[in-house]
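Here the structure is a predicted model, which means the values were calculated and not measured. Naming: A, B, ... by sequence-line order, numbering from 1 per chain.
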Number of protein chains: 2
Amino acid sequence: MAISIFIVDDHYMVIEGIRSLFQHEKNVVWLGHATNAASCLAFLKQQLPDIILLDINLPDKSGIDLCKEIKTLYPTVCVIGLSTFNQQSFIEKMMANGASGYVLKNATQKELMDSFETVMKGRAYLSHEVAQMLRSNEAADDAPVLTRREKEVLELIAEGLTNNEMAEKLFVSASTIDTHRKNLLMKLNAKNTAELVKLALIKKLISFS
Amino acid sequence: MAISIFIVDDHYMVIEGIRSLFQHEKNVVWLGHATNAASCLAFLKQQLPDIILLDINLPDKSGIDLCKEIKTLYPTVCVIGLSTFNQQSFIEKMMANGASGYVLKNATQKELMDSFETVMKGRAYLSHEVAQMLRSNEAADDAPVLTRREKEVLELIAEGLTNNEMAEKLFVSASTIDTHRKNLLMKLNAKNTAELVKLALIKKLISFS
DNA sequence: AATCATATCCCCGAAAAACATGAATTTCAT
DNA sequence: ATGAAATTCATGTTTTTCGGGGATATGATT
């Protein structure tokens, strides 16, 4: 039995690329494509494919959110995430939102066929590269929970403010800042400010710039 | 007169996508494709296209380096950079290495045709989105040059070592470390250690973990 | 021969951070 | 309303960093 697929991606080249990969494949039926979330949802009201290939980058909405909506509205549809790079956080969110698989855009026809067959059997599929990356990266999602104030102080520390400067800025005494600082060192298990800032950036507790 | 093109990209979908976009275009002749730098260079020994569409992500070599090599060996060939995202640093490096243009992979057939014609006339072509982004982003790639020793010390600072600990580890006196430290603060224009570590991570002078 | 970058070392004093200990107050969810 | 968590503040001591200096040695460059 043929597998029907629908693709959502704002890259014409990707759409054409996949269409071309499967145009002579009898087991795969190309139902169409959408270049944004809105027209994807509109299409699904008319017709349900077996599999949706869903890019994580769309102009009007993230593919991650769209995935969730699709799975809520049409739980039987299999969604396969599509992305150029294997960014762990995206993959995790995509799978958490009900995706059945995740393949990179450098996938071969065979790999894609594989992914279709696997998810149609109800199992999850991850590109070889993706699976490998995820394994090698059990790195910390062990970010401690910081309070509102601690986050503020952490940001200011990374900007190079001293306790006195922060105290002035936040209208509290320097002792208070000192306490927050000590708690931050404890929570992040850092030996000193230098390590604190590094860990904070790694764990994405503060953002760049 | 028809324009001959050759594409280098490790994404099958992109190759197929572009091929399909131009398969009925009489003014464009598809000479072939390569999925890595080595086979690209091998092809060019046999035949020279007018335009090479060059992905910035290749398995064996960065497209940026490959671009430089190509322009050194065959200065008459026009290289157009290809990328999914518009990352300013890549674009700048690509153009600095002699590329004639830069287009995003979500380009339409028309946009690509446009880029071909523009670069064939000897002018540079940037995707609309890319040009816009570059304008809005004159942010700094002003990473200072650090000496071998300074990099070592910087790494250790970020790991949370004190001057004494570093001195022991590097078999020098604490005074030496102190000097390096001061020089680092100067070079990165940081107010203190906290800002130093943050800037070092932003400017990729030290890597995560 | 003179210059430059790098790396090494030293001293001083002021400023800042780290560590310890204790405690009052507000906020908020159960 | 009660208890836990968060925020606030203080007082001290010790360690580390920061900002001025200045000095020597080496090797590459000109």
Side-chain angles (χ1 to χ4, degrees), chain A residues 140-209, chain B residues 140-209:
Chain A
D141 272 273
D142 54 352
V145 180
L146 301 186
T147 68
R148 189 194 96 257
R149 214 49 163 170
E150 283 165 349
K151 278 179 211 158
E152 283 178 333
V153 172
L154 184 52
E155 293 266 6
L156 296 177
I157 288 174
E159 280 173 28
L161 300 212
T162 66
N163 287 353
N164 286 325
E165 290 165 342
M166 286 185 266
E168 217 174 309
K169 189 157 205 163
L170 299 181
F171 306 108
V172 295
S173 90
S175 314
T176 305
I177 303 292
D178 193 52
T179 304
H180 290 316
R181 197 170 194 130
K182 276 184 276 198
N183 291 334
L184 283 167
L185 288 174
M186 254 210 311
K187 284 192 177 181
L188 292 236
N189 195 27
K191 286 197 282 288
N192 54 31
T193 302
E195 201 186 8
L196 175 69
V197 172
K198 190 182 120 177
L199 291 174
L201 278 162
I202 289 177
K203 294 176 193 293
K204 294 176 201 295
L205 292 171
I206 55 181
S207 52
F208 289 83
S209 100
Chain B
D141 270 275
D142 52 355
V145 179
L146 301 186
T147 67
R148 188 192 97 258
R149 213 48 161 172
E150 282 165 352
K151 278 180 211 156
E152 283 178 334
V153 172
L154 184 53
E155 293 266 6
L156 296 178
I157 288 174
E159 280 173 27
L161 302 211
T162 67
N163 287 352
N164 285 325
E165 289 165 342
M166 286 185 264
E168 215 175 311
K169 189 157 204 164
L170 299 182
F171 304 108
V172 293
S173 90
S175 312
T176 305
I177 303 293
D178 192 51
T179 304
H180 289 315
R181 198 171 195 133
K182 284 177 206 170
N183 291 335
L184 284 168
L185 287 174
M186 255 211 309
K187 285 191 177 181
L188 291 238
N189 195 28
K191 287 198 282 288
N192 53 33
T193 302
E195 202 186 6
L196 175 70
V197 171
K198 191 182 123 180
L199 292 174
L201 278 163
I202 289 178
K203 293 177 194 291
K204 295 177 199 294
L205 293 170
I206 54 181
S207 52
F208 289 83
S209 96

Taking side chain as C-beta onward, heavy atoms only, is A:E165 less than 4.5 Å from A:T162?
yes
Figure out the CD/C1' separation between B:E152 and C:dT8, and round it to whole Å.
14 Å
So does A:R148 get a side-chain nitrogen or oxygen closer than 4.0 Å to the phosphate oxygens (OP1/OP2) of D:dA6?
no
Measure CD/A:E150 against P/D:dA6 and give the value in whole Å, please.
7 Å
Atom-to-atom span, CG of A:L196 to P of C:dC19 - whole angstrom:
12 Å
Short of 4.0 Å, heavy atom to strand atom, which residues of residues 183-193 of chain B count as contacting DNA chain D?
B:L185, B:K191, B:N192, B:T193
Among pairs that include at least one residue of residues 167-178 of chain B, which meet salt bridge (Lys or Arg N to Asp or Glu O under 4.0 Å), considering only residues two or more places apart or in two chains?
B:D178-B:K182
End-to-end bend of the helix from C:dA1-D:dT30 to C:dT30-D:dA1 (five-pair axes, 10° rounding)?
60°
So how far is it from A:N189 CG to A:L199 CG, rounded to the nearest 0.5 Å?
8.0 Å
Check DNA chain C against residues 162-172 of chain A and give the residues with a non-hydrogen atom under 4.0 Å, in numerical order.
A:T162, A:N163, A:N164
Separation of C:dA17 atom C1' from B:E195 atom CD, nearest Å, is 17 Å
Chi angles and distances behind the salt bridge (charged side-chain N to carboxylate O under 4.0 Å, His left out) call for A:K198, A:E195
CA-CA 5 Å; A:K198 190 182 120 177; A:E195 201 186 8; over 6 Å; no
Could you run down nucleotides 25-30 of chain C 5' to 3' and tag each one B, S or - for protein heavy-atom contact under 4.0 Å?
------
Roughly how far apart are B:L185 CG and B:H180 NE2, rounded to 0.5 Å?
13.5 Å
Which atom of A:L205 lies closest to which atom of A:A143, heavy atoms considered
CD2-CB, 4.2 Å
Between CG of B:L154 and CD of B:E159, what distance do you get to the nearest 0.5 Å?
10.5 Å
Heavy-atom side-chain proximity of B:T193 to B:R181 below 4.5 angstrom
yes
Atom CG of A:L156 and atom P of C:dA17: how far apart are they, to the nearest Å?
12 Å
Can you tell if the side chain of A:L196 reaches within under 4.5 Å of the side chain of B:V197, non-hydrogen atoms only?
no
Any non-hydrogen side-chain atom of B:R149 less than 4.5 Å from a side-chain atom of B:E152?
yes
Between residues 175-182 of chain B and DNA chain C, which residues have a heavy-atom gap below 4.0 Å?
B:S175, B:T176, B:T179, B:H180
Side chains of B:L146 and B:N183: does their closest heavy-atom pair fall under 4.5 Å?
no
